[in-house]
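A short worksheet on the structure shown next.
Residue numbers begin at 1 in each chain, while the letters A, B, ... track the order of the sequences.
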Amino acid sequence: MANMAQAIRMALHYAEENLGVTDIFGEDVGAPLGGVFTCTQGLKTAWNSPLDERGIIGMAMGLAMAGSRPVAEIQFCDYVYNTIDLLKLAGNTCWASNGDWNMPMVVRTPVGSGIRGSMYHSHSFDATMTHIPGWKIVMPSTPLDAYGLLISACQEPNPVMFLEPKALLRVKGEERIPGEPDDDRALSKMIDAPLGDRSQWRPQWPNLEAFAIPIGKGKIVREGTQLTVVSYGRTLPLCVKAAAALADEGISAEVIDLRSLWPYDWEMIQASVQKTGRVLYVNEDTEVTNFGEHLVRRTVDELFYSLLAPPKLLAGKFIPGIGLADTLEMASVPQLGDITEAMRALAVQQP
Amino acid sequence: MSRPRLIKEASAPLPLDRELLIRIHDLMVKARVLEERLIQMYKQGHGYFWIGGPGEEAFNVPLGLLMKVGQGPAYDFLHAHYRQSATLLAMGEEPIGALRQMKNTASDPYSGGRNFAGHFSIRAKNVVPVSSPIEVQYAMAPGTALAQKRLGGDSITIVTGGDAGTAEGDFASCLVWCSRPAEPLPVLMIVTNNKWGISTSGAEQHGEQRVADRGRAFGIQCKTINGNDPVEAYQELKEAMAYVRKERRPFLLEANVSRLYGHSSASGANLVTEEVDCLKQFEARLEQDGVLTRQQMDDTRNRYAEDMAAAARLVRDEPLPAPETIWNHIYAEKK
C-alpha cells in the first residue's frame with residue numbers, strides 16, 4: 001500500500017493531468033529534491049521557489065486570481081505563521097468583493113509532532129487556521145483520505161488548506177489508492193526518485209483513477225456505543241488503537257475521523273454523541289483556544305441534554321514549543337497512553 | 001530611457017495630441033471633483049472613513065488610459081492601492097460607484113457595502129481587490145504576471161503602492177520574484193512617492209536616495225519621474241509599459257507626487273496648500289498653450305461638481321445591505 005507522501009504525490013499527479021493544476025511550488029518542491037518529505041517528486045509542474053513564504057502565498061493568490069490553479073507548499077507549518085495576513089486576505093477576497101472574485105488555490109503544509117522536530121518543526125496549525133474564515137481546511141489521517149481530499153481540494157473554487165500530519169507521511173495505508181499497483185515495491189520503483197543522480201529519472205505513474213472525498217464529510221472509523229472520540233491527523237490512529245485496547249475491557253468506543261476541519265461534519269458528531277452520550281475530542285494543538293474547544297462549546301450548546309458526562313478535550317499542553325528530547329516531546333502532546341486513559345475515565349463517568 | 005522631455009521646458013509646446021491633453025484634463029478634473037465630493041460626504045456623516053488620491057491624478061489618469069482593460073490574463077492586471085480613483089475613472093468606471101462605496105450601500109459595485117472608499121475591486125477589468133494592509137499587493141502581483149507570461153501575448157501586471165510601504169517585506173518579495181533568472185516576469189512595479197507614511201516623513205525612514213534605485217540590485221530597469229506632470233507621466237508610463245509588454249521583464253517606476261488632503265480622514269482630510277497641485281499646474285500649461293481656455297476648464301469642473309452632487313443625492317437614499325447578507329459569499333459557491 002502507498003504511504004501518505006506517495007498518495008499526495010499521486011493525487012497531485014492526477015490533479016495536474018486532469019484537474020488543471022498548473023503550478024506545484026514552494027521551497028525545494030521541484031527537482032532534484034521533490035519536497036523535504038518527497039511529496040512532490042517527479043511532478044511535471046513542480047518548481048522551486050525563493051525561500052520566501054509570503055512570496056509563495058502571494059504567488060498562489062495571484063495565479064488563482066488569473067484563472068490558474070496553483071498548489072503551494074509551505075515546508076513546515078511553523079513558517080506559515082508569517083503569512084497570516086495573506087491567508088486572511090485569501091480567505092476574505094470572495095466576501096470582501098461581494099462574490100466577484102474567488103481564489104481557487106491549495107496550500108499544503110506539514111503539521112504536528114512526531115519527527116522530533118523540536119521548537120520549529122512540530123507546530124500544529126489547526127486552531128489558527130480554523131480561525132480564518134473563507135478557507136476550507138482538511139487534514140487526512142490515511143493515505144487514501146489524503147489522496148481523495150487532495151483531489152477534492154484541487155477541484156475547489158475556494159482556498160483550501162491541506163494539513164499533512166508529518167508523523168503519518170511515511171505510514172502505509174490499509175486501503176489501496178484506486179489505480180495503485182498491488183505490489184508496494186513495484187509502486188516505489190515507479191514513483192520514488194532514486195538516491196543520487198536523478199537528472200535522468202522520470203516517474204512511471206500508475207493509471208490512477210478519480211477518487212474524491214467530499215470536503216466536510218467525516219468518517220466513522222470504528223463503531224461503538226459507550227463513548228465517542230473525535231480526532232484527526234496524527235492522533236486519530238492512536239484513538240483507534242486505544243479503542244481497540246479498551247474493547248478488551250468491555251468499553252465500546254466510537255471513533256470519528258473528522259478529516260475536514262472546516263466545514264466539518266457536525267451531523268456525524270451529533271448522531272454519534274446522541275447515541276453514546278459521551279464525547280472526547282483529541283488533537284495535539286495547544287489546548288488554550290483550541291479548535292476542540294469550539295467543538296466542546298457546540299456540544300454543550302446543542303447536545304447538553306443528550307450527555308451523560310461533560311464533553312472532554314485532550315490536546316497539547318499550553319507551552320511555548322516542543323522540546324527536542326524524546327521525553328519532552330512525548331510529554332507535550334497526547335500519546336496513546338494519555339488517550340486510552342482519557343477514554344477510560346470518560347467511559348466510566350456516571351451522572 | 002533617459003532622454004530629456006520637452007515638457008520640462010516651460011516654453012516648449014505640449015508634446016501630446018490636443019485631444020489626448022483634453023481627455024487627460026477632463027479625467028483629472030473628474031477625479032479631483034470625485035475625491036472632494038467623497039471628503040464632503042465623509043464630513044457630512046455619509047461615510048465612516050475617507051482615503052483617496054487627490055494629488056495623484058497627473059500620474060493615475062495616464063496609467064488608466066494606457067492599460068489594456070479586460071478580464072483574464074490576456075488583459076492587464078492592476079494590483080492597486082487606495083489612492084487610485086483617477087486610474088479607475090480613466091479605465092472607464094463611473095464616479096457613482098465610488099460614492100456608493102463611501103456610503104456603503106448595497107449597490108456599492110466594489111464590495112457591496114463591505115469595504116472602505118478607494119478599495120476598488122472589479123473582476124471584469126482585472127482590478128484585484130484593494131487591501132487596507134499596505135504592500136500585500138506586491139506579493140500577489142508576480143502570480144498574475146506568471147499566468148500572463150505563460151499565456152503569451154503582451155498583457156502585463158501593474159502593481160502600485162506608496163513610498164512608506166516599500167519598507168514592507170512584500171516589496172522586496174516582488175523585486176525577488178519578478179527578477180528570478182529562471183523566470184523573469186512582466187510586472188510594472190510602481191511607487192507613487194508622496195514623501196509621507198501617514199504622519200511620518202520618508203526622509204527619516206528611508207536611507208536610499210530614490211526608491212527606484214532598489215531595482216538596480218536585481219537588474220530591474222528603473223526610473224524616477226515627476227508624477228505631478230501628466231505629460232511626463234504619460235510618456236514615461238508608455239515607454240515603461242512598452243518595455244514590460246515586449247521584453248516580458250519587470251520595470252520599477254517611481255513617481256513623485258503630492259498628497260493634497262493629508263493621509264486620510266484620520267488626519268482631517270483638509271487641503272494642504274504647500275504641496276504642488278498637479279491640476280492647477282497642468283491647467284496653467286493648457287491655458288498658456290491655448291489648448292483650453294480658463295472658461296472651458298471652469299465649465300468642466302462645474303459640470304462635474306453638479307453631476308457629483310446629483311449622484312451623491314441619489315446614493316444618499318439607497319438602502320444599506322440587509323443584515324442577513326453577511327452570510328453571502330463566504331465561499332464562491334454561495335453566490
### Query
Just by modelled atom types, is the B:E135 backbone N or O under 3.5 Å from a matching donor or acceptor in the B:E168 side chain?
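Flag not set: sc B:E168 to bb B:E135 has no pair under 3.5 Å.
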### Query
Does B:A139 offer a backbone N or O that forms a donor-acceptor pair with the side chain of B:D170 under 3.5 Å?
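Side chain of B:D170 to backbone of B:A139, a donor-acceptor pair under 3.5 Å: no, none is there.
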#### Entry: Pairwise side-chain contact, A:M65 with B:P129, heavy-atom cut-off 4.5 Å (strictly under)
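Answer yes - side chains close enough.
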### Message
Quick check: A:F125 with A:Y79 (ring centres under 6.0 Å apart)?
### Response
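For A:Y79 and A:F125, the ring centres are not under 6.0 Å apart.
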### Query
Is it the side chain or the backbone of A:K88 that comes within 4.5 Å of chain B heavy atoms, both, or neither?
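Answer is neither: A:K88 stays 4.5 Å or more from chain B.
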### Query
Between A:W47 and chain B, which part of the residue has a heavy atom less than 4.5 Å away: side chain, backbone, both or neither?
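Looking at A:W47, just its side chain touches chain B.
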Name the option with the most non-hydrogen atom pairs under 4.5 Å to chain B; the candidates are [options].
options: A:I56, A:D85, A:N48; value: A:I56
options: A:P157, A:G134, A:P159; value: A:G134
options: A:M103, A:E156, A:K136; value: A:K136
options: A:S49, A:P104, A:S68; value: A:S49
options: A:S97, A:G67, A:A60, A:G91; value: A:S97
options: A:D52, A:L89, A:T93, A:I57; value: A:D52

### Message
Below 30° counts as parallel, above 60° as perpendicular, anything between as tilted: where do the rings of A:F25 and B:W177 land?
### Response
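If you compare the ring of A:F25 with that of B:W177, the planes turn out perpendicular.
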Give, as side chain, backbone, both or neither, the part of [X] having an atom under 4.5 angstrom from any heavy atom of chain A.
X: B:V159; result: neither
X: B:V128; result: both
X: B:F77; result: side chain

### Task
Let me see the working for A:I137 and A:D126 under side-chain contact (heavy atoms from CB on, under 4.5 Å), right down to the final yes or no.
CA-CA 8 Å; A:I137 305 151; A:D126 40 314; over 6 Å; no
### Query
Considering the options B:L89, B:V130, B:L63, which one meets the side chain to side chain contact (heavy atoms under 4.5 Å, CB included) requirement together with B:Q84?
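Among the candidates, only B:L63 passes.
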